[in-house]
Amino acid sequence: MKTQCIIFVLKNDEFFLIENINKLVELQTDYDLYFVTRESKDRTSQILKFNHFVNIELSYDPGYYEALKSGFEFVKNLKYQIWIEF
């Protein structure tokens, strides 16, 4: 486990993932990546799963800030020195 993590909040962002998958893989050398998906109707969750990313999948859309809070709750006991929201 690294000392820093990045939390991404996504909803129907398969095109973002497709365009940036190589950059995300590179980020994993320095950061642990966590994705929170909010009721996505496209292939966002499948792309994350296929690429072995940690995905916190919400079956409803609580809004961006509540989804981000879910991500923070997920990582809060993992003892990261720095959390970055993207």
Side-chain angles (χ1 to χ4, degrees):
M1 183 166 74
K2 299 167 181 73
T3 60
Q4 304 172 88
C5 74
I6 301 174
I7 299 172
F8 294 83
V9 177
L10 304 175
K11 180 176 181 177
N12 299 325
D13 282 308
E14 75 175 272
F15 294 113
F16 164 79
L17 291 172
I18 291 168
E19 290 177 7
N20 294 289
I21 199 72
N22 292 331
K23 294 174 189 170
L24 293 170
V25 170
E26 286 178 26
L27 277 176
Q28 285 186 307
T29 59
D30 296 322
Y31 304 94
D32 286 333
L33 305 181
Y34 297 92
F35 296 84
V36 180
T37 56
R38 310 179 292 143
E39 193 184 24
S40 283
K41 304 281 189 221
D42 63 2
R43 298 181 314 138
T44 298
S45 295
Q46 292 91 337
I47 293 168
L48 293 171
K49 185 177 180 178
F50 179 79
N51 288 282
H52 308 288
F53 289 117
V54 176
N55 183 23
I56 304 151
E57 191 168 355
L58 304 176
S59 60
Y60 65 100
D61 185 359
Y64 180 85
Y65 294 105
E66 286 298 315
L68 182 61
K69 181 179 173 184
S70 296
F72 286 151
E73 290 292 320
F74 185 84
V75 301
K76 77 176 181 180
N77 294 324
L78 298 177
K79 308 290 186 215
Y80 287 105
Q81 292 177 1
I82 298 174
W83 301 352
I84 301 168
E85 169 231 341
F86 182 85

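It should be emphasised that the depicted structure is a prediction, and the values quoted were computed from it without experimental measurement.
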What distance separates [X] [atom1] from [Y] [atom2], expressed to the nearest 0.5 Å?
{"X": "Lys69", "Y": "Lys76", "atom1": "NZ", "atom2": "NZ", "value": "9.5 Å"}
{"X": "Ile56", "Y": "Glu73", "atom1": "CD1", "atom2": "CD", "value": "10.5 Å"}
{"X": "Leu24", "Y": "Glu19", "atom1": "CG", "atom2": "CD", "value": "11.5 Å"}
{"X": "Gln28", "Y": "Leu33", "atom1": "CD", "atom2": "CG", "value": "5.0 Å"}
{"X": "Ile7", "Y": "Tyr31", "atom1": "CD1", "atom2": "OH", "value": "13.5 Å"}
{"X": "Phe35", "Y": "Phe74", "atom1": "CZ", "atom2": "CZ", "value": "12.5 Å"}

Inset, instruction - Return the set of residues passing side-chain contact (heavy atoms from CB on, under 4.5 Å) with Thr3 (not counting sequence neighbours), or none when no residue passes. - result: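 Thr3 satisfies side-chain contact (heavy atoms from CB on, under 4.5 Å) with Gln81 once adjacent residues are dropped.
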Hydrophobic clusters here meaning ILVMFWY residues chained together by side-chain heavy-atom distances under 4.5 Å, can you tell me if [X] and [Y] are in one?
{"X": "Leu48", "Y": "Phe50", "answer": "no"}
{"X": "Leu10", "Y": "Tyr60", "answer": "no"}
{"X": "Leu78", "Y": "Phe86", "answer": "no"}

Can you find a pair of side-chain heavy atoms, one from [X] and one from [Y], that are under 4.5 Å apart?
{"X": "Ile47", "Y": "Phe15", "result": "no"}
{"X": "Val36", "Y": "Leu68", "result": "no"}
{"X": "Phe8", "Y": "Asp13", "result": "no"}
{"X": "Leu58", "Y": "Thr37", "result": "no"}

Inset, instruction - Would you please say whether a donor-acceptor pair under 3.5 Å links the side chains of Tyr34 and Asn55? - result: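 Looking only at side-chain atoms, Asn55 and Tyr34 do not form any donor-acceptor pair under 3.5 Å.
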Legend entry - Check: Glu57/Ser45 side-chain N/O donor and acceptor closer than 3.5 Å: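 Short answer, yes.
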Inset, instruction - List for me each residue that meets salt bridge (charged side-chain N to carboxylate O under 4.0 Å, His left out) alongside Lys79, sequence neighbours excluded, and say none if there are none. - result: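 Partners of Lys79 by the salt bridge (charged side-chain N to carboxylate O under 4.0 Å, His left out) criterion come out as none, since no residue qualifies.
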Legend entry - Minimum heavy-atom distance Ala67-Pro62, with the two atoms named: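 Reported closest heavy-atom pair: N-CG, 3.9 Å.
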Legend entry - Closest contact, heavy atoms only, Asn12 versus Ser40: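 Heavy atoms of Asn12 and Ser40 come nearest at N-OG, 2.9 Å.
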Inset, instruction - Starting from the C-alpha separation in whole Å, work towards a yes-or-no answer on side-chain contact (heavy atoms from CB on, under 4.5 Å) for Arg38 and Val9. - result: CA-CA 7 Å; Arg38 310 179 292 143; Val9 177; 3.7 Å; yes
Legend entry - Asp61/Lys11 salt bridge by N-O under 4.0 Å criterion: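 A salt bridge is present here (some side-chain N lies under 4.0 Å from a carboxylate O).
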Legend entry - Check ion pair Glu26-Lys23 (N to O, under 4.0 angstrom):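 Answer for the salt bridge query: no.
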Inset, instruction - Would you indicate whether Phe72, at its atom CZ, is surrounded by more than 12 heavy atoms from other residues, nucleotides or ligands within a distance under 6.0 Å? - result: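 Above 12, so yes.
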Inset, instruction - Take Met1 and Asp32, measure what side-chain contact (heavy atoms from CB on, under 4.5 Å) needs, and give me the verdict at the end. - result: CA-CA 7 Å; Met1 183 166 74; Asp32 286 333; 3.3 Å; yes
Legend entry - Any residue meeting side-chain hydrogen bond (donor to acceptor under 3.5 Å, both in side chains) with Glu85, in chain and number order, not counting sequence neighbours: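 side-chain hydrogen bond (donor to acceptor under 3.5 Å, both in side chains) list for Glu85, sorted by chain: Tyr64.
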